[in-house]
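Working notes, beginning with the structure itself.
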Amino acid sequence: MSGRRTPVAVLISGRGSNLQALIDACADPSYPAEIVLVISNVPGAGGLDRAAAAGIATETIEHRDFAERDAFEAALTAALAKAGAEIVCMAGFMRIVGPAFVARWADRLLNIHPSLLPAFPGLHTHARALAAGVKLHGCTVHIVRPELDDGPIIGQAAVPVLPGDDEASLAARVLTVEHKLYPRCLRLLAEGQVTLGGDRAATMLEGSANAGAYLTNPKA
Ligand code: GRF
């Protein structure tokens with residue numbers, strides 16, 4: 001593809017393995033987005049090193065430096081706008097964003113959450129999935145709305161919960177599919193293939209390759 005690549009910024013707080021998946025996707029010149037800025041609210045977050053290694057501009061904007069959330073988020077928006085970001089991806093960004101920030105980036109703000117929403121919003125999703133005894137677990141990429149872990153779902157990926165799983169093994173299995181799902185969903189948004197209607201998002205996937213796909217556990 002020789003078309004324009006949508007400038008994207010990524011917000012992180014930690015190790016940045018999802019950031020890395022997005023960096024790797026953007027390394028393909030035919031991918032419709034490019035990362036122009038990575039912002040961490042945590043100094044020294046591992047993801048900052050990943051960005052620097054890929055030659056991507058980084059900033060650290062610590063929420064602790066601001067008395068109020070709105071001021072912190074105004075600083076985020078100023079940096080994002082200066083970098084020319086048109087889509088903002090939250091990838092392990094451990095701050096709840098407020099309504100003004102969500103409105104500023106309306107329908108251009110994505111999040112990845114490690115559960116099959118609307119199940120298990122919030123923290124400790126893998127432990128809660130194990131405690132609930134669900135047989136399928138996974139992750140969700142959605143457009144951010146002011147409510148926590150809510151908003152139009154662009155994509156989900158499911159994995160089986162296996163006998164003997166603990167929190168770490170289940171988290172690792174989910175993380176593997178997070179790294180596939182996030183670049184896929186960002187591609188759909190950047191290509192204009194996401195259609196929003198009310199609280200829902202519809203996507204046009206290429207061809208009908210996924211039309212018959214399903215994941216079931218136990219085998220059926
Ligand atoms: C991921 O599990 C993501 O779904 C959640 O936080 C974790 C971030 O991991 N929001 P990483 O920093 O991308 O490795």
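Atoms considered below: every heavy atom in the structure, side chains included; atoms not considered: hydrogens, waters and symmetry mates. Whatever order the structure lists them in is the order used to number ligands and atoms, beginning at 1.
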Any heavy-atom pair between the side chains of Leu123 and Met94 that's under 4.5 Å?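 Side chain of Met94 against side chain of Leu123, heavy atoms only: contact under 4.5 Å found.
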Distance flag, aromatic centroids of His142 and His113, threshold under 6.0 Å: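 For His113 and His142, the ring centres are not under 6.0 Å apart.
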Qualifying residue, where the test is side chain to side chain contact (heavy atoms under 4.5 Å, CB included) with Leu189 and the options are Val8, Val141, Asp107, Val194: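 Considering Val8, Val141, Asp107, Val194, a side chain to side chain contact (heavy atoms under 4.5 Å, CB included) with Leu189 is found only for Val194.
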Classify the side-chain pair Glu62/Asn41 by whether it contains a donor and acceptor separated by less than 3.5 Å.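 On atom types as modelled, these side chains do not qualify, holding no pair under 3.5 Å.
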Is there a donor in the side chain of Gln193 and an acceptor in the side chain of Thr203, or the other way round, less than 3.5 Å apart?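 No pair is found: no donor N or O on one side chain lies under 3.5 Å from an acceptor on the other.
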For [atom], which protein heavy atom lies nearest, and how many Å away is it?
{"atom": "atom 13 (O) of ligand 1", "answer": "Asn18 N, 2.8 Å"}
{"atom": "atom 10 (N) of ligand 1", "answer": "Ile112 O, 3.1 Å"}
{"atom": "atom 4 (O) of ligand 1", "answer": "Glu178 OE1, 2.7 Å"}
{"atom": "atom 5 (C) of ligand 1", "answer": "Pro114 CD, 3.9 Å"}

Pairs of nitrogen or oxygen atoms closer than 3.5 Å, one from Ser17 and one from ligand 1: do any exist?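 Between Ser17 and ligand 1 (N or O atoms, distance only) the closest approach is under 3.5 Å.
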At less than 4.0 angstrom from any non-hydrogen atom of Gly92, what atoms of ligand 1 do you find?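 Answer for ligand 1: 6 (O), 8 (C), 10 (N).
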Could you tell me, atom by atom, which parts of ligand 1 come under 4.0 Å of a heavy atom of Gly16?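 Once the distances to Gly16 are compared, the set is 11 (P), 12 (O), 13 (O), 14 (O).
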With no hydrogens and no angle check, is any side-chain donor or acceptor of Thr58 less than 3.5 Å from a backbone partner on Val38?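 Judged by distance alone, no pair lies under 3.5 Å.
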